[in-house]
Amino acid sequence: SSSSRDEALRDKRSQILSRGLPKQKPIEGVKQVVVLASGKGGVGKSTTADIVTNILFFLFLTQTKEVGLLDADIYGPSVPKMMNLKGNPELTPKNLMRPLKNYGIACMSMGFLIEETAPVVWRGLMVMSAVEKLLRQVDWGQLDYLVIDMPPGTGDVQLSVSQNIPIAGAVIISTPQDVALLDARKGAEMFRKVHVPVLGLVQNMSVFQCPKCKHETHIFGADGVRELAKALGLDILG
């Protein structure tokens with residue numbers, strides 16, 4: 001019958017589509033993955049990622065929880081500077097990279113693999129290969145939480161990370177400027193499309209306090225991220 005043919009066609013289409021997507025595979029030794037993202041660059045995402053990892057570490061210090069930080073920004077890695085780390089990762093007997101550690105947090109970044117001032121002039125396929133290595137060829141040991149500092153935008157790296165590993169949730173960071181908010185909305189919608197829960201939004205750089213008179217000025221606006229969160233039905237995390 002016509003209905004059975006339609007059903008068979010739908011089943012075949014589903015099978016073809018499912019073959020086109022990578023199978024999600026957990027990172028060995030990692031219990032939960034949280035990604036921090038922004039649509040626009042320069043909104044303080046990496047700084048927030050470092051703060052979040054430190055909060056997680058100190059919050060669970062008494063419970064001996066282990067926290068890691070992965071810098072997935074291939075072109076502009078900033079975690080080495082933020083976490084005050086230098087050097088090259090050692091290799092384990094299984095030929096896996098061993099993360100560098102500071103403040104009790106295990107860190108891995110492209111910045112550990114290249115010279116500090118060297119630009120990464122790579123095409124997409126090389127970038128994707130580097131992301132795969134950072135995800136799969138690192139010996140994290142046993143982590144309760146891995147925070148991934150994503151590059152700005154909604155491109156190949158974000159999609160690859162979202163489709164290759166199970167992610168507990170994403171946090172979107174933005175300033176309250178209209179232009180930044182447009183990109184933050186795109187970031188939130190992208191994660192929803194790939195079925196990654198958006199945990200909430202963080203507003204950054206909204207207030208300047210004069211060091212002399214303590215007067216506060218909202219240099220980029222006051223409530224832009226709050227309004228965006230309301231429109232998207234999401235929480236403001238800070």
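Applying the side chain to side chain contact (heavy atoms under 4.5 Å, CB included) criterion to Lys133, with sequence neighbours excluded, gives Ser129, Gln137. Asp235 pairs by the side chain to side chain contact (heavy atoms under 4.5 Å, CB included) definition with Leu237, not counting sequence neighbours. Every residue meeting the salt bridge (charged side-chain N to carboxylate O under 4.0 Å, His left out) condition with Lys31, not counting sequence neighbours, appears here in chain and number order: Asp144. With sequence neighbours excluded, the residues that form a side chain to side chain contact (heavy atoms under 4.5 Å, CB included) with Pro166 are Gln24, Pro26. Among residues two or more places apart in sequence or in another chain, the side-chain hydrogen bond (donor to acceptor under 3.5 Å, both in side chains) test is passed with Lys86 by none. Lys25 is linked by a salt bridge (charged side-chain N to carboxylate O under 4.0 Å, His left out) to nothing, counting only residues two or more places apart in sequence or in another chain. Judged as a salt bridge (charged side-chain N to carboxylate O under 4.0 Å, His left out), and not counting sequence neighbours, the contacts of Glu90 are Arg98. Checked against side chain to side chain contact (heavy atoms under 4.5 Å, CB included), Pro89 has the following partners two or more places apart in sequence or in another chain: Met97, Leu100, Met108, Phe112, Leu113.
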Arg136 and Ile165: side chain to side chain contact (heavy atoms under 4.5 Å, CB included), yes or no, with the steps?
-> CA-CA 10 Å; Arg136 302 294 180 195; Ile165 60 174; 3.4 Å; yes
Please test Leu36 against Val34 for side chain to side chain contact (heavy atoms under 4.5 Å, CB included), starting from the C-alpha separation and ending with a verdict.
-> CA-CA 7 Å; Leu36 270 71; Val34 177; 4.1 Å; yes
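Here the straight-line distance linking atom CG of Asn95 with atom CG of Leu91 works out to 5.5 Å at 0.5 Å rounding. Going from atom CD of Glu28 over to atom CG of Leu135 covers 13.5 Å, rounded to the nearest 0.5 Å. The distance from the CG atom of Leu85 to the NZ atom of Lys101 is 11.5 Å, given to the nearest 0.5 Å. The line from OG of Ser109 to CG of Leu69 is 8.5 Å long, rounded to the nearest 0.5 Å. The CD1 atom of Ile173 lies 10.5 Å from the CE atom of Met205; values are rounded to the nearest 0.5 Å. Atom-to-atom distance recorded for Leu201:CG and Ser174:OG is 7.5 Å, nearest 0.5 angstrom.
When Val161, Leu146, Ile148 are each tested for a side-chain contact (heavy atoms from CB on, under 4.5 Å) with Ile167, only one passes: Val161.
Within 6.0 Å of CD on Gln142 lie no more than 12 heavy atoms contributed by other residues, nucleotides or ligands. Shown here is Glu189, whose CD atom has more than 12 heavy atoms of other residues, nucleotides or ligands within 6.0 Å.
Pairing each heavy atom of Pro176 with each of Leu181, the nearest pair is O-CD1, 3.4 Å. Gly68 and Trp140 make their closest contact through CA-CZ3, 4.3 Å (heavy atoms, listed as atom of the first residue, atom of the second, distance). Residue Ala130 comes nearest to Ile74 through the heavy atom pair CB-CD1, 4.1 Å, listed as atom of the first residue, atom of the second, then distance. The minimum heavy-atom distance between Ala188 and Leu232, with the atom names listed, is CB-CD1, 3.9 Å. Across all their heavy atoms, Ala72 and Val157 have their closest contact at O-CG1, 3.8 Å.
Hydrophobic clustering (ILVMFWY, side-chain heavy atoms < 4.5 Å, transitive): Leu182 and Leu228 are in distinct clusters.
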Just distance, no hydrogens or angles: give the donor-acceptor pairs under 3.5 Å from side chains in residues 218-226, sequence neighbours left out.
| from | atom 1 | to | atom 2 | distance (Å) |
| --- | --- | --- | --- | --- |
| His218 | ND1 | Ser206 | O | 3.3 |

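The stretch residues 167-182 participates, sequence neighbours left out, in no salt bridge (charged side-chain N to carboxylate O under 4.0 Å, His left out) pair at all.
Classification of Glu227 and Arg185 as a salt-bridged pair fails, no side-chain N sitting under 4.0 Å from a carboxylate O.
Within the 4.5 Å cutoff, the side chain of Tyr145 has no heavy atoms near those of the Val30 side chain. By the 4.5 Å heavy-atom criterion applied to side chains, Leu96 and Val138 are not counted as neighbours. In this structure, the side chains of Thr217 and His215 come closer than 4.5 Å at one or more pairs of heavy atoms. A heavy-atom distance below 4.5 Å is found between the side chains of Met190 and Gln158. In this structure the side chain of Pro99 never reaches within 4.5 angstrom of the side chain of Leu70, judged on heavy atoms.
Although no hydrogens or angles enter the test, the distance criterion places no donor-acceptor pair under 3.5 Å between the side chain of Asp71 and the main chain of Pro77.
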